[in-house]
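See below for the structure under consideration.
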Amino acid sequence: MAGLREIEKQFFPLQKIQDVIDLFKHELKDNEPNLTLMSIVLGVIENILTVNRAVSSDADKSNTLEPIFPVIELSTIEALYTKFVTHIKRSVDKTKFPDKFATRELVKIVSDVVWCCLSKSFKDRAHLQSLYSFLTGNKLDCFGVAFAVVAAFQILEYNDVHLSLSEDHAWVVFGEDLKETAEVTWHGKGNEDKRGQPITASVVEKSWLYLNGQPVICNRHMEVAAIVSGINPSINLTVDSVEMGSLQQELLWLLYDLGHLSKYPMALGNLGDLEEISPTPGRPPPVDIFEESIQSSKVHYHNQHVYPYTYLGGYHYRNHNYKKALKAWAEATNAVKNFNYNREDEEIYKEFLEVGNDLIPTMMKHVASENASRIHQTSISYDPDCYADFLRFYDGICEWEEDSKTPVLHITWAKQLVNSLAKFDPTVRKLIHLISEDGEESSSSSESDEESEEEREIIQDENRNQKKKVKAKKGKTHDKDKSDKINGQAEDS
Ligand SMILES: CC1(C)CN=C(N2CCN(c3ncnc4sc(CCF)cc34)CC2)S1
């Protein structure tokens, strides 16, 4: 790939969101959308709209009604683009690699070409995902390094090197029919990077970090979806840039309509979150988008992805649909229970820790106070389905811990479990009929004999359906946690 193509230059200057959409629409028509160009454009806009931006006080709230969008000049973009292309081409002697497909040695060299420029001071903070950050600040986050390597290979005209994404890590696939894998970035804190190494079956097996061999393997268009999904509209812990969020939302719908999100559950989840904040007229509601994310994981990734359920659970929790939140969280641990927990899985551990020890206790308290004013039978503390999902949530956590090298549960978990259990009414606890995987039946309390034969039938049908469903089913840049990222920023500054 040489310099910017004339047709690309004609889109500049970019003066409004629609101009960016038009540029992306053009690039996505191509079977080699220009990853370097699009990453730089998004990075420039994000930097202007979110970094070092004084948030207006109430006094001059009036002027925030006018959406501000920076004018992006061709010269700005072209200078950065040329800088990256020159850096890559100057650092890699292609004559030494005559093969059509990349080799492991070449992947390591290109990873080093990115790696060697990184400043050591960076932290895992916000706005470090784009090539703009790399070219102006020598800083990239874990995802950003992997993306930069893939963009570099596009410049070197290899079309076999692609981004492979889990829910908390990124690496590359390469070679004929993409059968090779290689680490190209680091993961987490205090872990030696394993750059250049293949991701072996023993590392992948029952590992959430590698999704048990079910990562999102991107094509060029899904790599565009990854940088759009990785847009971070946060100005600070509490304020987002409305313009940046709108741009991200409109680009995600563009990618959605072109079919490039259908195998990317997290991007669908991100879109659902954006639609909750600011619904797009004529588009499906957030729950439908979260459902598509779950379906995508079931259809394409053997339901091994966990985040689709935590997206949905978080949405229902925020909207006080507590029964549906519990159901989603029970299905989240139903997915995670197939993994063995290890020290590099702390991101998903933090998710479940928050659900079990903060969100559910808060919900049970909330409901307890509501009981005083509401008709009992609608409250979750009287609902056997809610109690069953509550138990399933914890059962999944316990099964996740089984055979794991690292323990999951500790005293806080036990305390919160007892607290939340006690919030369910005794009558509901006797309605649950526990059937183990091997079909052995037991009741959760001594009074169960009183339950009517009919209730027993209903619950057994429910459990049988649940087991059938589970059997049928068997047939995670990104800025998951803004607070961590922004805090990192605070730390640095
Ligand atoms: C339900 C949640 C807690 C909310 N946001 C979440 N995420 C937001 C954005 N995330 C992502 N969104 C799109 N693509 C990717 S690739 C990746 C692994 C590092 F490269 C992360 C990630 C990570 C997960 S999970």
Side-chain angles (χ1 to χ4, degrees), residues 39 42 124 126-130 140-150 162-173 183-188 199 207-211 214-218 222-234 240 245 248-249 251-252 255-256 260-261 263-277 286 289-290 293-294 296-297 301 305-318 325 328-329 331-333 335-336 344-355 358-359 476-485:
S39 180
L42 292 183
D124 181 11
H127 313 302
L128 301 184
Q129 76 284 39
S130 78
L140 281 171
D141 60 22
C142 156
F143 166 84
V145 171
F147 175 79
V149 170
V150 172
H162 285 288
L163 202 50
S164 184
L165 302 171
S166 77
E167 296 186 315
D168 190 44
H169 191 30
W171 60 94
V172 297
V173 293
E183 300 277 9
V184 291
T185 183
W186 84 93
H187 176 261
I199 290 109
S207 149
W208 171 72
L209 191 65
Y210 293 95
L211 288 175
Q214 300 291 337
V216 176
I217 297 179
C218 296
M222 289 168 74
E223 281 145 10
V224 177
I227 54 175
V228 171
S229 205
I231 288 170
N232 183 345
S234 309
D240 279 10
Q248 181 178 35
Q249 198 166 350
L251 286 173
L252 282 172
L255 289 153
Y256 176 93
H260 302 317
L261 303 191
K263 295 182 181 176
Y264 198 162
M266 286 183 287
L268 288 166
N270 289 342
L271 181 55
D273 277 352
L274 290 163
E275 284 295 309
E276 177 188 8
I277 296 166
I289 305 167
F290 294 129
S293 175
I294 289 167
S296 174
S297 174
Y301 305 107
H305 293 199
V306 181
Y307 281 152
Y309 297 107
T310 48
Y311 273 112
L312 180 63
Y315 174 82
H316 283 315
Y317 175 80
R318 291 188 296 272
W329 288 329
E331 292 185 0
T333 66
V336 86
E344 291 209 60
D345 293 344
E346 58 268 20
E347 282 306 311
I348 197 66
Y349 172 81
K350 286 185 333 194
E351 281 309 305
F352 287 123
L353 190 72
E354 184 188 27
V355 172
D358 177 359
L359 305 186
K476 117 173 116 149
T477 98
H478 294 214
D479 297 297
K480 181 187 69 59
D481 191 336
K482 286 179 189 167
S483 54
D484 281 358
K485 309 272 188 201

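Just follow the structure's listing: the first ligand is 1, and inside any ligand the first atom is 1.
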If the cut-off is 4.0 Å to any non-hydrogen atom of [X], which atoms of ligand 1 fall inside it?
X: Ser229; result: 12 (N), 13 (C)
X: Glu351; result: 3 (C)
X: Ala170; result: 20 (F)
X: Phe143; result: 20 (F)

**Q.** Nitrogen or oxygen of Tyr264 less than 3.5 angstrom from that of ligand 1
**A.**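 N/O-N/O distance under 3.5 Å: yes.
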Q: Before signing off on this row, confirm whether Thr310 and ligand 1 have an N or O atom pair separated by under 3.5 Å.
A: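 The answer is no, given that Thr310 and ligand 1 share no N or O pair closer than 3.5 Å.
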Q.
Apply side chain to side chain donor-acceptor pair (under 3.5 Å) to residues Glu223 and His162 and explain how you reach the verdict.
A. CA-CA 8 Å; Glu223 281 145 10; His162 285 288; 2.7 Å; yes
Q) Just heavy atoms, cut-off under 4.0 Å: does Val216 contact ligand 1 by side chain, backbone, both, or neither? A)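 It is neither part, as no heavy atom is under 4.0 Å.
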Q.
Checking the side chain of Ser207 only, and the main-chain atoms of Tyr210 only, is there a donor and an acceptor separated by less than 3.5 Å?
A.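 Between the backbone of Tyr210 and the side chain of Ser207 there is a qualifying donor-acceptor contact (under 3.5 Å).
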Q) What's the verdict on salt bridge (charged side-chain N to carboxylate O under 4.0 Å, His left out) for Arg318 and Asp273, showing C-alpha distance, side-chain angles and the deciding distance? A) CA-CA 11 Å; Arg318 291 188 296 272; Asp273 277 352; 3.5 Å; yes
Q: Answer yes if the side chains of His305 and Gln214 hold a donor-acceptor pair under 3.5 Å, and no otherwise.
A: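 Per modelled atom types, His305 and Gln214 side chains form no pair under 3.5 Å.
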Q) Going by atom types alone, do His127 and Asp141 pair a side-chain donor with an acceptor below 3.5 Å? A)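 No donor-acceptor contact under 3.5 Å links the two side chains.
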Q: May I ask which of Phe290, Tyr311, Tyr315, Phe147 has a heavy atom nearer to atom 7 (N) of ligand 1 than the others do?
A: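 Ranked by closest heavy atom to atom 7 (N) of ligand 1, first place is Tyr311.
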Q) Would you call the rings of Trp171 and His169 parallel, tilted or perpendicular, where under 30° means parallel and over 60° means perpendicular? A)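 Trp171 vs His169 ring planes: tilted.
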